[in-house]
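Since the structure comes first, as structure tokens, the remarks are kept for the end.
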Protein chains: 2
Amino acid sequence: MTNSVHHYIHPDRFLVSVDCIVFGFHDTELKILTFKRKIEPQIGAPSLLGGFVCKEESIDDAAKRVLDKLTGIDDLYMEQVATYGDLDRDPAGRVISIVYFALINIEDYDHSLLERYDSSWLSKEEWNHLIFDHRKMVEDALKRLRKKAATFDIGFNLLPEKFTLTQLQSLHEAIYSESLDKRNFRKKVLSLNILDKLEEKDKMHSRKGAYYYKLNENYR
Amino acid sequence: MTNSVHHYIHPDRFLVSVDCIVFGFHDTELKILTFKRKIEPQIGAPSLLGGFVCKEESIDDAAKRVLDKLTGIDDLYMEQVATYGDLDRDPAGRVISIVYFALINIEDYDHSLLERYDSSWLSKEEWNHLIFDHRKMVEDALKRLRKKAATFDIGFNLLPEKFTLTQLQSLHEAIYSESLDKRNFRKKVLSLNILDKLEEKDKMHSRKGAYYYKLNENYR
DNA sequence: TCAAAAGTGTTCATTGTACACCCATGT
DNA sequence: ACATGGGTGTACAATGAACACTTTTGA
């Protein structure tokens, strides 16, 4: 901001928050981490993880701080989505909110934190219970995730380091809410040459066992 | 922001600005509207149009206000790009800036405003003279414009209502900084069935004359 | 008559899509 | 032996990319 065009000589100051959408993948379902709202209105309804931005931190750092505190994970994948600044978006007062989404491997998540913060993993059908404009935020974030996952730019952060092609396909089916053809999916993802096939097999989910893959170093 | 996680009981407040990237297309070149900075440091260097957000307006409205004032156009195409909030992004002090880009038909622009606001249309080679993080903002906005123009989702706002296919192609060449095959381009755009061919011809740019097209009502 | 821009089709390569059966193994 | 999930290939359609000549007309 440099060549100011504003109504007042002394510009207004605002509360600025970050709201974070934490995506996780478990058991063929795409989920988001939410908190139970503690105050009226809509007490008890699920809301996103949020926190106010502080003077001495960048907004990216604020998002990292909130995410670290509430997930216990400090190296997660994080991306800014958009900023929401309508006058009445929060009934408690004017707050401008910058939304981030994060992808975590749900196995890395310490589930004891669920009680500590009174949080829970919401599956898609429940997302419409989110308060205020949080539903819209999640919609927008999901659109972004879908666009990027289509080209396999991101998404691997939702899986363990070693994963089977079945898991990867199942993740994509969860992201797009539609089922995909197994042969076409495998052909496509393998043709990208971004996966390394391991010797090791996953014997947990089938008798035959499925080969583990991991993302090639160059695409980490 | 609801379940606050912050360091202080009394959260900090911030100056929040909108910075606007106004794209225009003239004479086979993609340009942006910029202002000459009036204060040190970097006095005289080009900067984006900006303004502080006020209490009684949404951030979208703030962007509209700035754009209307500085272009004289009130129904332009506008889209939020991203928010920039590093501590030292503006040497004058901490300002969180939400960036928008707008597309205007440069013919609608009142060029007397150039003097009034000491502004100018910068072509691509000059974009790297922009102050601070404004160069990065423009890069990010251009990426978005390119993605959307590829599918002809937007871009027509940069042209007059009636335009020739040559103009449209030349616009795309300017957006992507590369030349395109005439036959393939026309085949593709016409196959989308979003254009109506008019009777009228543009006789300004060739002896033979090129048919005008306009965007079909349904895709306005 | 000629210079300058408008307009037009075909071939080939690549990519996406539909579709069904055998394999390995633990119980 | 059988149930369960793992793994594989082919044919066709759609899309994208390369490529050159004729048309119109004002000067």
Side-chain angles (χ1 to χ4, degrees), chain A residues 25-29 146-153 155 159-160 162-215, chain B residues 25-29 146-153 155 159-160 162-215:
Chain A
F25 175 63
H26 181 62
D27 192 27
T28 76
E29 276 196 303
R146 283 178 169 168
K147 269 221 175 92
K148 295 204 157 188
T151 51
F152 293 89
D153 283 344
L159 294 172
K162 301 171 188 178
F163 51 85
T164 66
L165 293 183
T166 306
Q167 278 178 287
L168 182 57
Q169 176 173 350
S170 162
L171 168 61
H172 278 244
E173 291 176 333
I175 290 174
Y176 297 106
S177 301
E178 60 184 33
S179 60
L180 303 168
D181 180 87
K182 207 199 321 184
R183 283 169 291 189
N184 291 340
F185 181 83
R186 293 163 101 96
K187 199 190 331 164
K188 181 173 180 185
V189 67
L190 290 176
S191 77
L192 297 172
N193 294 316
I194 57 174
L195 297 186
D196 293 337
K197 189 178 186 172
L198 307 183
E199 300 293 313
E200 197 184 352
K201 276 187 167 187
D202 164 32
K203 307 280 288 181
M204 309 294 288
H205 302 290
S206 74
R207 310 189 202 275
K208 182 177 179 179
Y211 282 106
Y212 279 122
Y213 288 76
K214 65 179 178 62
L215 193 56
Chain B
F25 175 64
H26 181 63
D27 193 23
T28 79
E29 275 197 302
R146 282 178 170 169
K147 267 220 174 95
K148 294 204 157 189
T151 51
F152 293 91
D153 282 345
L159 293 172
K162 302 172 189 174
F163 51 86
T164 66
L165 294 184
T166 305
Q167 277 178 287
L168 182 58
Q169 175 173 351
S170 160
L171 168 61
H172 278 243
E173 291 176 334
I175 290 175
Y176 297 105
S177 301
E178 61 185 33
S179 61
L180 303 169
D181 180 85
K182 205 197 326 183
R183 282 167 292 186
N184 291 340
F185 181 84
R186 293 162 100 97
K187 200 190 332 163
K188 180 172 181 187
V189 65
L190 290 176
S191 76
L192 298 171
N193 293 316
I194 58 174
L195 297 185
D196 293 336
K197 188 177 188 174
L198 307 183
E199 299 294 311
E200 197 183 350
K201 276 186 167 186
D202 163 33
K203 306 281 285 180
M204 308 295 287
H205 302 293
S206 73
R207 310 189 202 266
K208 182 179 178 180
Y211 281 104
Y212 279 122
Y213 288 75
K214 65 180 178 62
L215 192 56

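Below, chains carry the letters A, B, ... as their sequence lines are ordered, and counting in each starts from 1. What you are looking at is a predicted structure, and each value in this text was computed from that prediction instead of being measured.
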Rounded to whole Å, please give me the gap between [atom1] in [X] and [atom2] in [N].
X: B:R183; N: D:dA18; atom1: CZ; atom2: P; answer: 12 Å
X: A:N184; N: D:dC12; atom1: CG; atom2: C1'; answer: 12 Å
X: B:D202; N: D:dT25; atom1: CG; atom2: P; answer: 14 Å
X: B:F185; N: D:dA17; atom1: CZ; atom2: P; answer: 13 Å
X: B:K201; N: D:dT23; atom1: NZ; atom2: P; answer: 14 Å

Compare all side-chain heavy atoms of [X] with those of [Y] and state whether any distance is below 4.5 angstrom.
X: A:D196; Y: A:Y213; result: no
X: B:L198; Y: B:K214; result: yes
X: A:L168; Y: A:F185; result: yes
X: A:T166; Y: A:H205; result: no
X: B:L195; Y: B:F163; result: yes
X: B:L190; Y: B:L165; result: yes

Within residues 163-176 of chain A, residues whose heavy atoms come under 4.0 Å of DNA chain D: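 Those residues are A:T166.
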Please list, by residue number, the residues of residues 187-199 of chain B whose heavy atoms come closer than 4.0 Å to an atom of DNA chain D; answer none if no residue qualifies. B:K187
Check every atom of D:dG6, D:dC19, C:dT8 against the side chain of B:D181 and return the nucleotide holding the closest atom.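 Given the options D:dG6, D:dC19, C:dT8, the side chain of B:D181 is closest to D:dC19.
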For the residue pair A:S177 and A:R146, what are the closest heavy atoms and their distance?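 Reported closest heavy-atom pair: OG-NH2, 3.6 Å.
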Indicate the atoms forming the closest heavy-atom contact of B:G209 with B:S206, along with that distance.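 Answer, listing the atom of B:G209 first, then B:S206: N-OG, 2.9 Å.
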Main chain of B:L180, side chain of B:Q169: is a donor-acceptor contact present, judged purely on distance under 3.5 Å? yes
Does a side-chain N or O from B:R186 land closer than 4.0 Å to OP1 or OP2 of C:dG7, or not?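 For C:dG7, OP1 or OP2 has a side-chain N or O of B:R186 closer than 4.0 Å.
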For D:dG26, take OP1 and OP2 only and decide whether either is under 4.0 Å from a side-chain N or O of B:K203. yes
Assess whether atom OH of B:Y176 is packed by more than 12 heavy atoms of other residues, nucleotides or ligands within 6.0 Å. yes
Mark yes when over 12 heavy atoms from residues, nucleotides or ligands other than A:K201 sit less than 6.0 Å from its NZ; otherwise mark no.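 It does: A:K201 NZ has more than 12 such atoms within range.
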Going by number, which of residues 204-213 of chain A have a non-hydrogen atom under 4.0 Å from DNA chain C? A:R207, A:K208
